[in-house]
Visitor: 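Below: one structure in structure tokens.
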Number of protein chains: 2
Amino acid sequence: MSASSRKPAVAPAPRGRVTVREVAKAAGVSMITVSRVINTPQQVSPATLERVHAAIDALGYVPNLMAGALRLSRSHLVMVLVPSVAGSLFAGMLTALTESLGAKGYQLMVGQSGYDMPREDALLRAIIGRRPDGLVLTGVMHSPQGRQLLQASGIPIVETWDTTATPIDMLLSVSHQEIGAAVSRYLFEAGKTRQAVLSGDDERARLRADSYVRTAIELGLPEPVVLHLPAPTTHAQGREGLRALQRTGRDVDGVFCTSDLMAAGVITEAMAQGLAVPGQLAVIGFGDMDFAASMSPSITSVHVDGAAIGAKAAEMIAARANGQRPAKAVVEIGFRIAARESA
Amino acid sequence: MSASSRKPAVAPAPRGRVTVREVAKAAGVSMITVSRVINTPQQVSPATLERVHAAIDALGYVPNLMAGALRLSRSHLVMVLVPSVAGSLFAGMLTALTESLGAKGYQLMVGQSGYDMPREDALLRAIIGRRPDGLVLTGVMHSPQGRQLLQASGIPIVETWDTTATPIDMLLSVSHQEIGAAVSRYLFEAGKTRQAVLSGDDERARLRADSYVRTAIELGLPEPVVLHLPAPTTHAQGREGLRALQRTGRDVDGVFCTSDLMAAGVITEAMAQGLAVPGQLAVIGFGDMDFAASMSPSITSVHVDGAAIGAKAAEMIAARANGQRPAKAVVEIGFRIAARESA
DNA sequence: CTGAAAGCGCTTACAG
DNA sequence: CTGAAAGCGCTTACAG
């Protein structure tokens with residue numbers, strides 16, 4: 001008895017699912033032809049095309065994309081890691097990514113990383129293990145182990161919403177340091193000299209807050225009061241934050257909030273107390289959420305073009321997947337302060 | 001020359017990626033043993049374990065999850081389709097799904113469907129093609145083709161955030177009809193008899209709005225004014241919506257907004273006009289977003305427990321993936337009106 | 001405790 | 001225009 005006549009070494013996977021094999025049998029053609037009908041129909045005669053399509057419809061065949069991906073080493077999958085899908089800060093980027101990638105034949109898989117870039121390998125391995133054709137990271141990866149794992153994977157990677165001199169691969173750079181400095185200067189030019197900052201305790205918000213403080217000092221102002229609050233920051237934290245600021249006994253005439261939701265909370269609290277905004281208290285937010293322009297008073301906010309980040313990231317990854325190197329591996333995204341009523 | 005001595009029929013996939021083969025060679029063991037080190041380490045001797053781990057680390061090996069999934073017909077992937085990742089209405093569900101599924105060894109893939117359940121096959125085929133171990137749909141699928149494709153796929157499916165007598169598979173039921181009716185009654189009991197509704201133009205918002213209108217009529221009130229606005233609805237639409245309502249010339253003392261963001265906009269506009277809320281105009285929102293409780297006036301809003309939906313969906317899918325049938329294929333989620341200052 | 005062989009479902013360069 | 005065979009990277013029941 002030859003070895004190959006043994007009972008199959010492995011129990012077959014649960015049958016019943018339709019595969020190319022069943023379609024081929026039903027249409028009276030080979031599996032190759034079925035594959036061609038799906039991928040390169042121009043190579044198939046009209047009559048065959050019709051027979052195979054009929055079989056596909058009759059059997060409800062949907063090709064297994066994982067098998068194809070394995071064969072071709074192309075998953076047509078791009079992953080993006082955001083701190084939280086809850087916050088709307090990255091909504092513009094996610095929408096642009098979905099649409100730009102969709103147009104290029106990729107699907108987007110959204111993962112949540114929490115508010116700090118994960119230092120443990122687990123999440124990274126789960127990502128690399130799926131062999132995405134690209135990976136978009138919100139923030140830059142600092143952990144040497146993480147960087148090495150990603151670099152070794154060969155996956156095209158775009159780090160964004162932050163900046164670094166040593167990107168893993170490609171970078172869509174946003175300088176929170178410049179943002180913090182610009183906000184302090186903006187308030188200073190508006191005559192606000194007693195500055196404070198309500199900051200989320202995540203890495204990038206801290207960068208904005210620290211730079212804001214440094215700049216105020218450079219401008220010769222008293223050192224701003226800083227309050228750190230757990231990210232993701234909320235409207236309620238804005239209200240409570242203003243009260244906490246007041247409890248410090250320091251007189252404050254301008255507050256930078258590292259999110260618009262917090263800024264709205266500060267304004268709500270200020271108005272409830274009868275404080276004039278911006279007269280007695282100027283407020284600047286971050287993110288330029290939809291509601292910032294439409295509130296009363298409208299909220300002055302730092303605008304970062306998330307849609308541009310998404311579109312650009314999609315482009316870079318698609319280019320790389322096609323074997324091209326992008327024109328530039330590092331692109332500056334920039335920001336602007338949308339000046340409105342609150343400051 | 002035998003057929004098998006021909007040059008390989010297919011160009012090999014881009015090499016250089018580390019596979020079990022390389023690890024096995026480096027550790028001086030078989031591929032099977034490497035697989036065991038990763039999946040069932042208790043079956044491997046300590047000495048071998050150590051050698052293989054050393055090889056894995058040295059080579060930076062990360063197992064290809066797609067290959068494993070293909071072999072085992074288990075992707076450990078669950079997909080969820082939401083109208084938009086931008087809106088925060090589903091944030092609680094997404095967070096709960098991510099966490100509950102993560103604890104069970106699944107990864108969540110978030111897809112955007114737009115504000116109506118897709119009628120075209122394209123998206124559905126992209127989903128089924130990935131062979132997820134479960135699928136969570138925001139809303140119910142009406143299209144017969146879509147229903148059939150999904151049913152035939154054999155993928156455990158949870159429809160939610162809506163209700164139907166004929167679920168494809170499992171259902172976490174939310175009745176927008178009951179919600180609309182409850183809101184109209186709530187306003188009526190608060191003495192508001194000249195009711196209006198600002199509704200998104202998506203399917204579920206329409207259900208709430210229509211039921212609200214019917215209920216007001218049943219209560220003997222004049223037929224409410226209805227304004228439909230493009231989803232996803234915004235703060236700015238709330239402000240403009242109130243003005244549009246006023247332009248109809250109808251006197252209104254209670255408005256149901258099918259999102260909290262719109263409700264906040266209506267309140268902003270009312271206050272800008274010097275209207276007392278809720279005295280002259282009561283406002284009720286939907287979604288019970290974080291900020292609803294913290295604004296001033298705080299916003300009365302319909303609360304649906306999204307986190308419960310996420311956790312329950314994860315549980316149902318995991319049970320089904322383990323071959324169990326869930327205790328109940330249909331579970332009522334319910335809602336409550338969080339009574340606050342605005343109504 | 002360790003290994004050989006088969007197969008998950010697909011696709012492509014070559015031959016006819 | 002159509003088909004045979006090999007192989008993408010992994011895992012498992014059986015044998016030793």
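Proteins get letters first, then strands, A, B, ... in listed order; numbering begins at 1 in each.
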Visitor: When the distance from CE of M31(B) to P of dG3(C) is rounded to whole Å, what number comes out?
Guide: 12 Å
Visitor: If I take atom CZ in residue R21(B) and atom P in nucleotide dG3(C), what distance separates them, rounded to the nearest angstrom?
Guide: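 About 14 Å, once rounded to whole Å.
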Visitor: When you match M66(B) and T40(B) each to their closest nucleotide on DNA chain D, which lands nearer the 5' end?
Guide: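 Result of the comparison: M66(B).
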Visitor: Hey, is NZ on K25(B) packed in by over 12 heavy atoms from elsewhere, all under 6.0 Å?
Guide: no
Visitor: Select one nucleotide: of dG9(C), dC10(C), dC10(D), the one nearest the side-chain heavy atoms of A67(B).
Guide: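 From the listed options, dC10(D) comes nearest.
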Visitor: Answer yes or no: does a side-chain N or O of T33(A) lie under 4.0 Å from OP1 or OP2 of dT2(D)?
Guide: no
Visitor: Between the base of dG3(C) and the side chain of R36(B), is there any donor-acceptor pair under 3.5 Å?
Guide: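 Donor-acceptor pair under 3.5 Å: yes.
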Visitor: Between K312(A) and E315(A), does any NZ, NE, NH1 or NH2 come within less than 4.0 Å of an OD or OE carboxylate oxygen?
Guide: yes
Visitor: Ignoring backbone atoms, establish whether T48(A) has a side-chain N or O less than 4.0 Å from OP1 or OP2 of dC1(D).
Guide: no
Visitor: Give a yes or no on this: more than 12 heavy atoms of other residues, nucleotides or ligands lie within 6.0 Å of atom CD of Q43(B).
Guide: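 Count over threshold, so yes.
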Visitor: Send over the distance from R74(A) CZ to dC10(C) C1', rounded to a whole Å.
Guide: 16 Å
Visitor: With a 4.0 Å cutoff (strictly under), does any side-chain N or O of S45(A) reach OP1 or OP2 of dC1(D)?
Guide: no
Visitor: Under a 3.5 Å cut-off for both distances, is dA4(C) Watson-Crick or wobble paired, and to whom?
Guide: none
Visitor: Please state how far atom CZ in R51(A) lies from atom C1' in dC1(D), giving the value in whole angstrom units.
Guide: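 From R51(A) CZ to dC1(D) C1': 12 Å.
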Visitor: Heavy atoms from C-beta onward define the side chain here; which of dG9(C), dC10(D), dT12(C) lies closest to that of L72(A)?
Guide: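 So the side chain of L72(A) is nearest to dT12(C).
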Visitor: Look at the side-chain N and O atoms of N39(B) and state whether any lies under 4.0 Å from the OP1 or OP2 oxygen of dT11(D).
Guide: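 Yes, because at least one side-chain N or O of N39(B) sits under 4.0 Å from OP1 or OP2 of dT11(D).
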Visitor: I want to verify a distance call: between dT12(D), dG9(D), dT11(D), whose nearest atom is closest to the I32(B) side chain?
Guide: dT12(D)
Visitor: Does any N or O in the side chain of D133(B) come within less than 3.5 Å of the main-chain N or O of R74(B), such that one atom is a donor and the other an acceptor?
Guide: no
Visitor: Tell me: CG of L70(A) to P of dT11(D), nearest whole Å?
Guide: 12 Å
Visitor: Between R71(B) (CZ) and dC8(C) (P), how many Å, whole number?
Guide: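 Value for this atom pair: 8 Å.
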Visitor: For S30(A) and dG3(D), is the shortest distance between a side-chain N/O and OP1 or OP2 below 4.0 Å?
Guide: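 Yes, such a contact exists.
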Visitor: Round to a whole Å and report the spacing from CD of E22(A) to P of dC8(C).
Guide: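 It is 10 Å, rounded to the nearest whole Å.
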Visitor: Are there over 12 heavy-atom neighbours, none belonging to Q151(B), within less than 6.0 Å of that residue's CD?
Guide: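 Counting other residues, nucleotides and ligands, CD of Q151(B) exceeds 12 neighbours.
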Visitor: Does the structure show a Watson-Crick or G-U wobble partner for dA13(C), both distances under 3.5 Å? Name it, or say none.
Guide: none
Visitor: Just the rounded figure in Å: distance from P of dT2(C) to CD of E50(B).
Guide: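 These atoms are roughly 13 Å apart.
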